[in-house]
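Both counts, for ligands and for their atoms, begin at 1 and track the order of listing. Position 1 is the first residue of the sequence, and the numbers go up from there.
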Amino acid sequence: MLNPEENIELKNFTTFKIGGPARYFFRVRNLDEAREAFGFARLKRLPHFVLGGGSNLLASDEGFHGVIIKNELFGVSFTEAGDEEVEAVAGAGENWDAFVAESVRRGFYGLENLSGIPGTVGAAPIQNIGAYGAEVKDAIVSVEAIDSRTGALKAFTNADCRFAYRDSFFKTPEGKPFIVTAVRFRLKKSGVLNTEYKDLKNHFASAPKKNRALTLKTVRQAVLEIRRGKFPDLETCGTAGSFFKNPIISRQQFDDLKKQFPDLPGFPLDADSRGFQADSRGKNTPRVKVSLAWILDNVCELKGYQKGSMALFERQPIVAVNTGGASAEDAKRLAQEVAARVKEKTGIEVEWEVERL
Ligand code: EPU
């Protein structure tokens with residue numbers, strides 16, 4: 001019989017270091033324990049929330065009057081899949097970067113650009129983590145998840161997951177009851193390294209000649225180094241990485257903004273990543289992802305902006321930081337102010353990238 005802990009401060013389980021007490025708190029290490037925890041929540045008629053690394057979460061100051069289920073489903077395996085590929089299966093509770101480091105150490109290609117991202121393996125497909133020109137969806141074969149209503153286990157193919165920019169089926173109302181238990185990846189034994197992303201290209205171009213060799217290890221090292229320069233140190237302040245998503249706007253709106261801000265970086269989205277959206281008249285309109293960091297820096301002049309104990313990071317303004325003792329209300333106030341400023345200057349409505357509880 002699994003016993004919950006009670007009144008556990010969520011600020012100790014989120015990288016933002018924000019959040020009041022959770023009424024009940026379970027750590028589940030296998031599927032039966034997960035089923036038990038769901039059963040407990042049902043019995044108490046309380047909502048549940050599954051917590052991974054807490055690295056993309058803003059938990060409220062009141063805490064959570066429900067059942068937190070900390071996903072500690074572990075285990076990693078690598079199995080040959082023909083001459084060229086390897087199938088890796090990782091438990092949802094595994095630390096994401098430790099899994100990436102192990103894949104790179106074994107010489108398997110596919111995850112190296114996603115080095116250094118905080119959080120767990122289970123969270124990776126939910127928000128389709130992405131960085132430095134890669135998205136995790138391109139390495140995922142399938143996702144195993146348990147239905148919290150019935151306890152049944154189900155495998156979702158890559159297509160079932162309906163991946164898009166920082167989005168998947170698991171974020172939709174039909175997907176929410178499914179709790180990721182393991183993720184199956186297809187990695188390559190030899191591959192092409194992708195260093196097209198601006199920061200990576202610059203990194204290798206400006207490295208001393210002897211350090212320019214492109215290998216799995218040097219790409220991982222480069223990504224870790226770039227991230228160290230752009231992201232605050234989690235040891236010294238609280239953050240959940242990018243607070244907002246990069247906005248996706250119509251080509252028309254992008255062209256209009258370009259007239260005002262000729263240097264605004266934009267990335268046209270291709271059709272298969274939902275680059276086309278039916279407009280109100282049912283016509284499809286091409287869309288462009290724009291850099292919010294650039295807008296915050298160059299249009300809104302909010303880089304390093306501080307409000308109480310919350311700030312936009314001085315080297316990457318899309319990243320909000322808790323400089324010490326901020327509340328969820330402080331974070332929301334900063335976010336509201338930033339959103340209003342972006343709307344006023346560009347007409348763009350920003351969306352939170354961070355999940356709230
Ligand atoms: N920029 C500025 N001023 C700055 C910083 C950036 O103008 O102070 C401009 C530059 O033009 C730069 C551009 O913004 O080229 C993009 O910046 P960056 O390469 O840092 O990427 P991002 O679009 O701001 C996204 C992800 C990050 C991911 C990086 C690296 C989102 C919401 N964020 O940020 O993911 O690490 O790319 O690929 O898509 C996260 O999701 O939490 C996250 C950290």
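- Across all their heavy atoms, Leu111 and Phe99 have their closest contact at CD1-CE2, 3.5 Å.
- Contacts with ligand 1 closer than 4.0 Å are made by backbone heavy atoms (N, CA, C, O) of Phe244 only, the side chain lying farther away.
- Short contacts between ligand 1 and Arg227, defined as distances under 4.0 Å to a heavy atom of the residue, involve ligand atoms 36 (O).
- Counting protein heavy atoms only, atom 31 (C) of ligand 1 is closest to Tyr165 OH, 3.3 Å.
- With a heavy-atom cut-off of 4.0 Å, Val319 does not touch ligand 1 at all.
- Judged by distance alone, with hydrogens and angles left aside, the side-chain atoms of Arg315 form a donor-acceptor pair with the main-chain N or O of Gly229 at under 3.5 Å.
- Within the structure, the closest approach of Gln127 to ligand 1 does not fall below 4.0 Å when heavy atoms are considered.
- Side chains of Ser148 and His48 form a contact here, defined as non-hydrogen atoms less than 4.5 Å apart.
- Annotation for ligand 1: atoms under 4.0 Å from non-hydrogen atoms of Asn298 are 7 (O).
- Here is the list of ligand 1 atoms found below 4.0 Å of a heavy atom in Lys303: 4 (C), 8 (O).
- Side chain of Asn113 to backbone of Val223: no donor-acceptor contact under 3.5 angstrom is found.
- At a heavy-atom cutoff of 4.0 Å, ligand 1 is contacted by the backbone of Arg315 but not by its side chain.
- Of the protein's heavy atoms, Tyr132 N, 2.6 Å lies nearest to atom 38 (O) of ligand 1.
- The closest side-chain heavy-atom distance from Cys237 to Thr323 is not below 4.5 Å.
- Which of Arg166, Lys289, Glu353 comes nearest to atom 26 (C) of ligand 1 through a heavy atom is settled by distance: it is Arg166.
- Counting only heavy atoms of the protein, atom 23 (O) of ligand 1 lies nearest to Asn246 ND2, 2.9 Å.
- Ring orientation note: the planes of Tyr132 and Tyr197 are nearly perpendicular, at an angle over 60° on the 30°/60° scale.
- Checked against a 3.5 angstrom limit, the closest N/O atoms of Gln316 and ligand 1 fall inside it.
- Both tests do not hold together for Arg106 against Phe108: distance to the six-membered ring centre under 6.0 Å, angle to the ring axis within 45°.
- Within the 6.0 Å centre-distance limit, the rings of Phe178 and Phe156 are counted as a close aromatic pair.
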What do the steps show when you test Asn298 against Phe261 for side-chain contact (heavy atoms from CB on, under 4.5 Å), and what is the final call? CA-CA 9 Å; Asn298 301 284; Phe261 310 110; over 6 Å; no
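- Looking at atom 11 (O) of ligand 1, its nearest protein heavy atom turns out to be Trp294 CD1, 3.6 Å.
- The closest protein non-hydrogen atom to atom 2 (C) of ligand 1 is Asp297 OD2, 3.6 Å.
- Using a 4.5 Å cut-off on side-chain heavy atoms (C-beta onward), Ile69 and Phe38 make contact.
- With a 4.0 Å heavy-atom cut-off, ligand 1 is reached by the side chain of Asp199 but not by its N, CA, C or O.
- Protein heavy atom nearest atom 15 (O) of ligand 1, with residue, atom name and distance: Lys198 NZ, 3.2 Å.
- Counting protein heavy atoms only, atom 19 (O) of ligand 1 is closest to Tyr197 OH, 2.7 Å.
- Residue contacts with ligand 1: Ser242 is placed with a nitrogen or oxygen under 3.5 Å of a nitrogen or oxygen of the ligand (distance criterion only).
- Under a cutoff of 6.0 Å and an axis angle of 45°, Lys289 and Tyr165 form a cation-pi pair.
- Contact atoms of ligand 1 toward Phe231: 36 (O), 44 (C) (distance under 4.0 Å to a heavy atom of the residue).
- The single protein non-hydrogen atom nearest to atom 6 (C) of ligand 1 is Ala293 CB, 3.6 Å, given as residue, atom name and distance.
- A donor-acceptor contact shorter than 3.5 Å is absent between the side chain of Thr120 and the backbone of Gly93.
- Within the 4.0 Å heavy-atom criterion, the part of Ser291 lying near ligand 1 is the side chain and not the backbone.
- Checked by atom type and distance alone, the side chain of Asn322 never pairs as donor or acceptor with a backbone atom of Gly238 at under 3.5 Å.
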